[in-house]
Trainee: 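Structure below; questions to follow.
Reminder, nothing fancy here: chain letters follow the sequence lines and each chain counts from 1. Worth saying up front: this structure is predicted, and the values here are computed from it rather than measured.
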Amino acid sequence: MIQLVKGTKDIFAAEVNAWQEIEKKMRDICQTFGIGEIRTPIIEFTELFVRGVGETTDIVQKEMYTFTDDGDRSLTLRPEGTAGVARAYIEHGMHNQAQPTKLYYISPTFRCENTQAGRQRQFHQFGVEMLGSYSPAQDAEAISVAAALLEEMGIEGVELRMNSLGCPECRSRYNKTLREFIGQNLDKLCPTCKERFDKNPLRVLDCKEEHCKGIIENAPSVLECLDGECREHFQKVQDILTQMGIAFTIDPKIVRGLDYYTRTVFEFVSDGLTVCGGGRYDNLIEECGGKPTGAVGFGLGIERLVMILEKQKGEISETSARDVFVGSMGEKGFLKAQGLTLGLRKAGISADCDTVERSVKAQMKYANKIGAKYSLVIGDSELENGTVELKEMETGEKTTVVIAELPFVLAEKCR
RNA sequence: GUGGGUAUGGCGCAGGUGGUUAGCGCGCCAGAUUGUGGCUCUGGAGGCCGUGGGUUCGAGUCCCACUAUCCACCCCA
């Protein structure tokens, strides 16, 4: 048997309904925030992600689905949404539109990594990107979209955590300071941290080892290393959020895994899982070949959202009841039922009929299983006198209805 | 990439120390006097016990490998 590819899954009716509700809320909220939808291709040139996401990131180094096409070009299934939007922004000269450009997307995303709770190889990301502004107000607006969305979803216990990584200058200054600090304590840290020291010193900050935590507590904070402008920017973001009534905590240990982030980075966390993560990326557009452009955005994992919602509100139940089941008896009745059902469907009534040629009894069982509100059986006698007994399934009550009037009667009852 | 748990009909599970035709619940299909469902009863279909090797007279049951899945690390949505 050919089975599912690792880290992918089929989504059935009940869950699809939940997804559609979620997506509708996303679209509605974006509408009110003046954010337009963009649909970029699933495949892009590998180079886009290498330059955009960062050559040294885990995503690029070991998690991309990359292949070569018949023209010997290296293509990659998108591992995140921002780079593609940046590419589109540049390629279509969107900076010539009224700025800022505000875009959102809901799209499948791929990362070839080990699966676990809330992590798949194909997952779906909702993302918002706001390009064309360096102002802290843009950071706050982006954050407010995410906050509004999570609130609309009714998720409890989400927490907004923020940090500022500063501009590249601040960052390299901090890297140096941190490296010095860790270097002095290197022999006291765990093996993983020693590795991180070379690869990405910032990562040492969120080590879970108790022993390391103790040492890290005394580490210098990024925030102390910010220059005046970055400091002011971050302060303003906070001021605006406060003005907006959005609660947050500052966590100098937040380090995001994508290289393109500058200044503000943030996460919405629930049950220890990051539902939503994002930040400002002022150098990405330039890095991808555009003019220097300030930008900020975030991504939100739909599977994680669904997971949390299920946990908090219970399993999603299926609701696909039919309005009416058209049962039939005999050859003529069977024929008539087919046409009659289509007629009802065209009138907007959710109708179903027997297409397996089963006994009346079996048909009724079926009607019950699909949750039909009404049922009827059409056979020789009904065809002869032109009426039918319409039965309300829940009560068993029957009413006589002229066949030709069924669409109207049912439309009335099922409205 | 690393560590641990799991892998038996559509779903959820049983199957002490290896031994004749692998069970149960739910679901599915069909009947219970001839054209009407939900309850009950009866019957039926459906599994080469994840895959491939090995040990053995004989393995779902023991050993190895692989794959998938779950959980955790790394990292992230």
Trainee: So if I take every side-chain heavy atom of A:Ala362 and compare against B:A30, B:C75, B:U36, which nucleotide ends up nearest?
Mentor: B:A30

Trainee: Calculate the interatomic distance between A:Phe266 atom CZ and B:A77 atom P; express it in whole Å.
Mentor: 11 Å

Trainee: With RNA chain B as reference, determine whether A:Ile59 or A:Met364 sits nearer its 5' end, using the nearest nucleotide of each.
Mentor: A:Met364

Trainee: Would you check if A:Phe123 stacks with the base of B:A77, given a 5.5 Å centroid limit and a 30° plane limit, both strict?
Mentor: yes

Trainee: Using the C1' atoms only, state how far B:G15 lies from B:G60, rounded to an integer number of Å.
Mentor: 8 Å

Trainee: Report the distance from atom CG of A:Asp58 to atom P of B:C74, rounded to the nearest whole Å.
Mentor: 11 Å

Trainee: Determine the Euclidean distance between corresponding P atoms of B:A30 and B:A45; express it in Å to zero decimal places.
Mentor: 15 Å

Trainee: Classify the nucleic acid contact of A:Glu80 as base, sugar-phosphate or nothing, counting any heavy atom under 4.0 Å across all strands shown.
Mentor: nothing

Trainee: What nucleotide, of B:C28, B:A72, B:G37, holds the atom closest to the side chain of A:Lys369?
Mentor: B:C28

Trainee: With a 4.0 Å cutoff (strictly under), does any side-chain N or O of A:Thr115 reach OP1 or OP2 of B:C70?
Mentor: yes

Trainee: Need one value for A:Thr109: base, sugar-phosphate or nothing, where a base atom within 4.0 Å counts as base even if backbone is also close, heavy atoms only.
Mentor: nothing

Trainee: Starting the side chain at C-beta, find the nucleotide from B:A77, B:C71, B:G35 nearest to A:Ala117.
Mentor: B:C71

Trainee: On a whole-Å scale, what distance lies between the P atoms belonging to B:G23 and B:C49?
Mentor: 14 Å

Trainee: Quick one: do the A:Glu169 and A:Tyr174 side chains pair a donor with an acceptor below 3.5 Å?
Mentor: no

Trainee: Checking base pairs now: Watson-Crick or wobble, both atom distances under 3.5 Å. What partners B:C62?
Mentor: B:G54

Trainee: Touch check for A:Gly333, heavy atoms < 4.0 angstrom, all strands: base, sugar-phosphate only, or nothing?
Mentor: nothing

Trainee: Provide the distance between the two P atoms, one in B:C26 and one in B:C66, to the nearest whole Å.
Mentor: 40 Å

Trainee: Given that both distances must come in under 3.5 Å, which nucleotide forms a Watson-Crick or G-U wobble pair with B:U34?
Mentor: none

Trainee: In whole angstrom, give the distance that lies between atom CG of A:Asp380 and atom C1' of B:G35.
Mentor: 10 Å

Trainee: With respect to the side chain of A:Ser359, which nucleotide from B:A77, B:G31, B:C75 is positioned closest?
Mentor: B:G31

Trainee: Could you check how far CG of A:Asn114 sits from P of B:C74, rounded to whole Å?
Mentor: 13 Å

Trainee: Ignoring hydrogens and angles, are the base of B:A77 and the side chain of A:Glu267 linked by a donor-acceptor pair under 3.5 Å?
Mentor: no

Trainee: Short question: side chain of A:Arg231, backbone of A:Glu224 - any donor-acceptor pair under 3.5 Å?
Mentor: yes

Trainee: Need the pair for B:C73. Rule: Watson-Crick or G-U wobble, both distances under 3.5 Å, any strand; none if unpaired.
Mentor: B:G1

Trainee: Searching all strands shown, indicate the nucleotide that pairs with B:G10 (Watson-Crick or G-U wobble; both distances under 3.5 Å).
Mentor: B:C26

Trainee: Rounded to the nearest angstrom, tell me the gap between atom CG in A:Leu309 and atom C1' in B:A77.
Mentor: 15 Å

Trainee: Ignoring backbone atoms, test whether A:Arg119 places a side-chain nitrogen or oxygen under 4.0 Å from the OP1 or OP2 oxygen of B:A72.
Mentor: no

Trainee: Of A:Thr264, A:Ile240, A:Val265, which is the lone residue that meets side-chain contact (heavy atoms from CB on, under 4.5 Å) with A:Asp139?
Mentor: A:Thr264

Trainee: Tell me whether the OP1 or OP2 atom of B:C73 has a side-chain N or O from A:Gln116 closer than 4.0 Å.
Mentor: yes

Trainee: So what does A:Glu303 hit on the nucleic acid, given a heavy-atom distance under 4.0 Å: a base, only sugar-phosphate, or nothing?
Mentor: nothing

Trainee: Once you round to the nearest 0.5 Å, how far does CG of A:Asp352 lie from CG of A:Leu344?
Mentor: 11.0 Å

Trainee: Can you check the A:Arg121 CZ to B:C75 C1' distance for me, whole Å?
Mentor: 14 Å

Trainee: So, under a plain 3.5 Å distance rule, would you say the side chain of A:Asn368 forms a donor-acceptor pair with the base of B:G37?
Mentor: yes

Trainee: What's the closest nucleotide to the A:Lys361 side chain, out of B:G37, B:A30, B:G1?
Mentor: B:G37

Trainee: Work out how far the C1' atom of B:U69 is from that of B:C24, and round it to whole angstrom.
Mentor: 24 Å

Trainee: Over all strands shown, is A:Glu389 touching base, sugar-phosphate only, or nothing at heavy-atom distances under 4.0 angstrom?
Mentor: nothing

Trainee: With a non-hydrogen cut-off below 4.0 angstrom, is A:Gly277 in contact with a base, only sugar-phosphate, or nothing?
Mentor: sugar-phosphate

Trainee: Using a heavy-atom cut-off of 4.0 Å across all strands, would you classify A:Gly7 as base, sugar-phosphate, or nothing?
Mentor: sugar-phosphate

Trainee: I need the single residue from A:Gln122, A:Gln120, A:Arg121 that forms a side-chain contact (heavy atoms from CB on, under 4.5 Å) with A:Lys6. Which is it?
Mentor: A:Arg121

Trainee: Give me the distance, rounded to whole Å, that separates B:C74 from B:U17 when you measure between the P atoms they each carry.
Mentor: 38 Å

Trainee: CD of A:Glu159 to CG of A:Asp251: how many Å apart, nearest 0.5 Å?
Mentor: 8.5 Å

Trainee: Give one of base, sugar-phosphate or nothing for A:Leu258, where a contact means two heavy atoms less than 4.0 Å apart.
Mentor: sugar-phosphate

Trainee: With rounding to the closest Å, how many angstrom separate the C1' atoms on B:G43 and B:U36?
Mentor: 22 Å

Trainee: Classify the nucleic acid contact of A:Gly118 as base, sugar-phosphate or nothing, counting any heavy atom under 4.0 Å across all strands shown.
Mentor: base

Trainee: Hey, does the Lys NZ or Arg CZ of A:Arg358 hover above the aromatic six-ring of A:Tyr366, less than 6.0 Å from the centre and inside 45° of the axis?
Mentor: yes

Trainee: For A:Met393 and B:G37, what is the distance between atoms CE and P respectively, to the nearest whole Å?
Mentor: 9 Å

Trainee: Between B:G47 and B:G9, how many Å separate the two C1' atoms, rounded to a whole number?
Mentor: 4 Å

Trainee: Could you please name the option among B:G1, B:C75, B:A68 that lies closest to any side-chain atom of A:Lys6?
Mentor: B:A68

Trainee: With a 3.5 Å limit on both atom pairs, tell me what B:C39 is paired to, counting Watson-Crick and G-U wobble, or say none.
Mentor: none

Trainee: Go through B:A30, B:G35, B:U36 for me and flag the one nearest to the A:Glu382 side chain.
Mentor: B:G35

Trainee: With a 4.0 Å cut-off on heavy atoms, is A:Arg358 in touch with a base, just the backbone sugar-phosphate, or nothing at all?
Mentor: sugar-phosphate

Trainee: Who does B:U21 pair with, Watson-Crick or G-U, both distances under 3.5 Å?
Mentor: none

Trainee: Rounded to the nearest angstrom, tell me the gap between atom NZ in A:Lys62 and atom P in B:C75.
Mentor: 8 Å

Trainee: Which atoms form the tightest heavy-atom contact between A:Ile250 and A:Phe234, and what is the distance?
Mentor: CD1-CZ, 3.6 Å

Trainee: Rounded to the nearest 0.5 Å, what separates atom CD in A:Glu37 from atom CD in A:Gln31?
Mentor: 11.5 Å

